[in-house]
Amino acid sequence: MDALPSGGHAVDGQPIAAVDMIAALTAAQLVFQDGATQSFTAEGRTTYVEGGTPSAGEWSVTGDGTFASFWPPTYRATYTIRWIVEEGAPAGVSFTDIRSGVRYDGRYR
């Protein structure tokens, strides 16, 4: 993924615009530092695999442009998502939990 679908260029640490979230999240599988992976579909489904064990969830873009995830039966979280850019091209997505401030970096596989 070399440029944003809306025509601009990604900048490292720049928040991902709501209009670009679907493309950013579905561009490729994300790999996290601990080896876990996560895939997203444009229809709002996500699969997280840790230690070979998959779990299925749902995601959406909220009205204020943040990212919301739901893992049945009750876990909900909201994140600010930002670009990870290396050598001028998007290399992944950074998720920062709105409540805790914990950050998770996923790099495109």
Side-chain angles (χ1 to χ4, degrees):
M1 189 171 171
D2 293 325
L4 300 170
S6 60
H9 293 282
V11 174
D12 191 52
Q14 174 185 26
I16 298 175
V19 68
D20 294 320
M21 280 191 201
I22 291 174
L25 293 169
T26 62
Q29 184 180 58
L30 295 174
V31 179
F32 296 90
Q33 187 174 10
D34 64 0
T37 62
Q38 190 166 10
S39 301
F40 296 88
T41 70
E43 297 77 32
R45 304 249 186 255
T46 183
T47 302
Y48 183 81
V49 180
E50 184 174 24
T53 304
S55 61
E58 300 172 8
W59 71 274
S60 62
V61 179
T62 63
D64 66 359
T66 56
F67 169 90
S69 65
F70 170 64
W71 298 91
T74 59
Y75 182 79
R76 293 182 185 278
T78 305
Y79 300 88
T80 299
I81 62 173
R82 299 176 184 278
W83 289 112
I84 297 172
V85 175
E86 295 172 346
E87 298 180 13
V93 175
S94 173
F95 299 83
T96 303
D97 187 296
I98 297 288
R99 286 182 281 180
S100 70
V102 174
R103 178 177 161 169
Y104 306 94
D105 290 346
R107 299 195 179 274
Y108 293 132
R109 174 171 280 180

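When a residue number appears, it is its place in the shown sequence, counting from 1.
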Revision key, fill the gap. Exactly one of Asp64, Ile16, Ile98 clears side-chain contact (heavy atoms from CB on, under 4.5 Å) with Thr80, and that residue is Ile98
Practice item. Kindly give the heavy-atom pair with the smallest separation between Ala18 and Gly65, and that separation in Å. Key: CB-CA, 4.1 Å
Point to revise | Check: Trp83 side chain, Ala91 main-chain N or O, donor-acceptor pair, under 3.5 Å | key: no
Review point. Is Ser60 reaching over with its side chain to a backbone N or O of Thr62, donor-acceptor style, under 3.5 angstrom?
Key: no
Exercise for review: Quick one: sort the Tyr104 and Tyr79 rings into parallel, tilted or perpendicular, breaks at 30° and 60°.
Suggested key: perpendicular
Check your understanding: Distance from Arg45 atom CZ to Trp59 atom CH2, nearest 0.5 Å?
Key -> 12.0 Å
Revision key, fill the gap. To the nearest 0.5 Å, atom OG of Ser94 lies from atom CZ of Arg82 at 7.5 Å
Review point. Taking the side chain as C-beta and beyond, is there a heavy-atom pair between Leu30 and Thr37 under 4.5 Å?
Key: no
Revision key, fill the gap. Taken to the nearest 0.5 Å, the spacing of Thr96 OG1 from Ile81 CD1 works out to 10.0 Å
**Study point:** Heavy-atom closest pair, residues Tyr48 and Ala36
**Key:** OH-CB, 3.3 Å
Exercise for review: For residues Gly57 and Pro72, report the shortest heavy-atom separation together with the two atoms involved.
Suggested key: CA-CD, 4.2 Å
Review point. Hey, what do you get for OG1 (Thr41) to CD (Glu58), rounding to the nearest 0.5 Å?
Key: 9.5 Å
Review point. Does atom CD of Gln33 have more than 12 heavy-atom neighbours, drawn from other residues, nucleotides or ligands, at distances under 6.0 Å?
Key: no
Review point. Between the side chains of Gln38 and Thr46, does any donor sit under 3.5 Å from an acceptor?
Key: yes
Review point. Side-chain donor-acceptor pair under 3.5 Å between Thr78 and Arg99, yes or no?
Key: no
Review point. Trp71 versus Ser55: any side-chain heavy-atom pair under 4.5 Å?
Key: yes
**Study point:** Ala24 backbone acceptor or donor facing Tyr108 side chain under 3.5 Å
**Key:** yes
Review point. Same cluster or not: are Phe70 and Ile22 linked, directly or through other Ile, Leu, Val, Met, Phe, Trp or Tyr residues, by side-chain heavy atoms under 4.5 angstrom apart?
Key: no
**Study point:** Pairing of Asp105 and Arg107 as salt bridge, 4.0 angstrom limit
**Key:** no
Practice item. Hey, could you give me the CZ/OG distance between Arg76 and Ser69, rounded to the nearest 0.5 Å? Key: 9.5 Å
Check your understanding: Is it the case that one hydrophobic cluster holds both Val85 and Phe67, taking links as side-chain heavy atoms less than 4.5 Å apart, direct or via other members?
Key -> yes
Review point. Any idea which heavy atoms bring Ala77 and Asp97 closest together, and the distance?
Key: CB-OD2, 4.1 Å
Check your understanding: Going by the angle between their ring planes, with limits at 30° and 60°, are Phe95 and Phe40 parallel, tilted or perpendicular?
Key -> parallel
Study note, to complete from the structure: When rounded to the nearest 0.5 Å, the distance separating CD of Gln14 from CD1 of Ile84 is 13.5 Å
